[in-house]
Chemist: 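Next up is a structure, given as structure tokens.
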Amino acid sequence: MTDLSNKVVVIMGASSGIGAATARRLARDGAKLVIAARRLDRLNEIASEFDEGQVIPVQADVTNFKEVRAAIETAVNEFGRIDVLYNNAGIMPLSNLIDGHRDEWQNMVNINIMGPLNGIAAALPIMKTQGQGHIITTDSVAGHVVASGMAVYSGTKYAARIIMDGLRMEEAANHIKTTIITPGATQSELTSHISDPETRKSNTDYWGTVDGLTADQIAQAVEFAIDSKANMSISELIVRPTLQAM
């Protein structure tokens, strides 16, 4: 088992899917966690599985900077520092541009782009003062390629990838590590965000076609990146199902 008992980790978007799987895996590794999301009941359920005080749930919406900052400040107040921020929250309401789903587009921009930026803005000054830190963001293979119906989603994921690489370049000399976690088809709630039933079904079916990954398999990639030595930065991990060509 990986020993992360010396790590203090904040996970944004921790109530389901990859975020919940990562919270459970890191907690089993001994890490001290602040887990944040909008659904406090799910966070409480995760926290109840571990020793009291090891996993602290905080209700937070990643589009609200004050709430994101409060989650990070909770880690500092309770554990004395923050070693890792994992920006995991994201949505994927796929549609063709002709459909004009402007509200969905705006929500993707707010969550998939501004969510990580809010996390960076809240955590980075603390990490620079500490002289060390690690910021991780969940991206997607859609941040490398685009397909029909994915234009806006791919755009937000490409933006997140570029922002994270810019952060890497700006903060490398300050011992701030960055990692982009880039999953392929992975079991999660993402397809539930798709409003068109036919599109939702085809994307859900695709996971089975390529023998999609479990959320815990992506959590293993996060665990690996966090466990790397101080002089080793895992800049990006692309994790696809073997059968996925995209």
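By convention here, the first residue in the shown sequence is residue 1. No hydrogens, no waters, no symmetry mates; every other heavy atom, side chains included, goes into these values. No experiment lies behind these values; they were computed from the predicted model shown.
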Chemist: Which other residues end up in the same hydrophobic cluster as Ile162, if Ile, Leu, Val, Met, Phe, Trp and Tyr are linked when side-chain heavy atoms come under 4.5 Å apart?
Modeler: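 In the cluster with Ile162 are Tyr158.
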
Chemist: Identify, with sequence neighbours excluded, every residue that meets side-chain hydrogen bond (donor to acceptor under 3.5 Å, both in side chains) alongside Arg38.
Modeler: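 Checked Arg38 against side-chain hydrogen bond (donor to acceptor under 3.5 Å, both in side chains); zero matches.
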
Chemist: Among all residues two or more places apart in sequence or in another chain, which pass the salt bridge (Lys or Arg N to Asp or Glu O under 4.0 Å) test with Asp61?
Modeler: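 Not a single residue meets the salt bridge (Lys or Arg N to Asp or Glu O under 4.0 Å) criterion with Asp61.
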
Chemist: How would you list, by chain and number, every residue that makes a side-chain hydrogen bond (donor to acceptor under 3.5 Å, both in side chains) with Thr138, sequence neighbours excluded?
Modeler: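 Only Tyr86, Asn88 meet the side-chain hydrogen bond (donor to acceptor under 3.5 Å, both in side chains) criterion with Thr138.
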
Chemist: Looking at Pro183, is its backbone amide N or carbonyl O close enough to the side chain of Thr186 to form a donor-acceptor pair, meaning the two atoms are under 3.5 Å apart?
Modeler: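 Side chain of Thr186 to backbone of Pro183: no pair is present.
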
Chemist: Taking only residues two or more places apart in sequence or in another chain, which ones pass salt bridge (Lys or Arg N to Asp or Glu O under 4.0 Å) with Glu223?
Modeler: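 Glu223: salt bridge (Lys or Arg N to Asp or Glu O under 4.0 Å) contacts with Arg25.
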
Chemist: Would you say the side chains of Asp216 and Thr214 form a donor-acceptor pair under 3.5 Å?
Modeler: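 No.
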
Chemist: Mind checking what makes salt bridge (Lys or Arg N to Asp or Glu O under 4.0 Å) contact with Glu49, not counting sequence neighbours?
Modeler: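 Salt bridge (Lys or Arg N to Asp or Glu O under 4.0 Å) list for Glu49, sorted by chain: Arg24.
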
Chemist: Can you name the side-chain contact (heavy atoms from CB on, under 4.5 Å) partners of Ala142, sequence neighbours left out?
Modeler: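 Partners of Ala142 by the side-chain contact (heavy atoms from CB on, under 4.5 Å) criterion, ordered by chain and then number, come out as Ser140, Met150, Tyr153, Ser154.
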
Chemist: In chain order, what residues pass the side-chain hydrogen bond (donor to acceptor under 3.5 Å, both in side chains) check against Asp227, with sequence neighbours excluded?
Modeler: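 Asp227: no side-chain hydrogen bond (donor to acceptor under 3.5 Å, both in side chains) contacts found.
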
Chemist: Only counting residues at least two apart or in another chain, list the ones meeting side-chain contact (heavy atoms from CB on, under 4.5 Å) with Phe224.
Modeler: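 Result, side-chain contact (heavy atoms from CB on, under 4.5 Å) vs Phe224: Met232, Ile234, Leu237.
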
Chemist: Restricting to side-chain contact (heavy atoms from CB on, under 4.5 Å), what partner residues turn up for Val76, sequence neighbours left out?
Modeler: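 Here the qualifying residues are Ile82, Ile126.
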
Chemist: For Ala14, give me all partners under side-chain contact (heavy atoms from CB on, under 4.5 Å), at least two apart in sequence or on another chain.
Modeler: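 Partners of Ala14 under the side-chain contact (heavy atoms from CB on, under 4.5 Å) test: Ile11, Ile35, Leu43.
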
Chemist: The criterion is side-chain hydrogen bond (donor to acceptor under 3.5 Å, both in side chains); which residues satisfy it with Asn112, sequence neighbours excluded?
Modeler: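 Only Thr156 meet the side-chain hydrogen bond (donor to acceptor under 3.5 Å, both in side chains) criterion with Asn112.
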
Chemist: Taking atom types as modelled, find out whether Arg168 and Thr178 have a side-chain donor-acceptor pair closer than 3.5 angstrom.
Modeler: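 Looking only at side-chain atoms, Thr178 and Arg168 do not form any donor-acceptor pair under 3.5 Å.
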
Chemist: Hydrophobic cluster membership, with links at side-chain heavy-atom distances under 4.5 Å among I/L/V/M/F/W/Y: are Ile181 and Val239 in one?
Modeler: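 Yes, because Ile181 and Val239 connect within a single hydrophobic cluster, where side-chain heavy atoms sit under 4.5 Å apart.
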
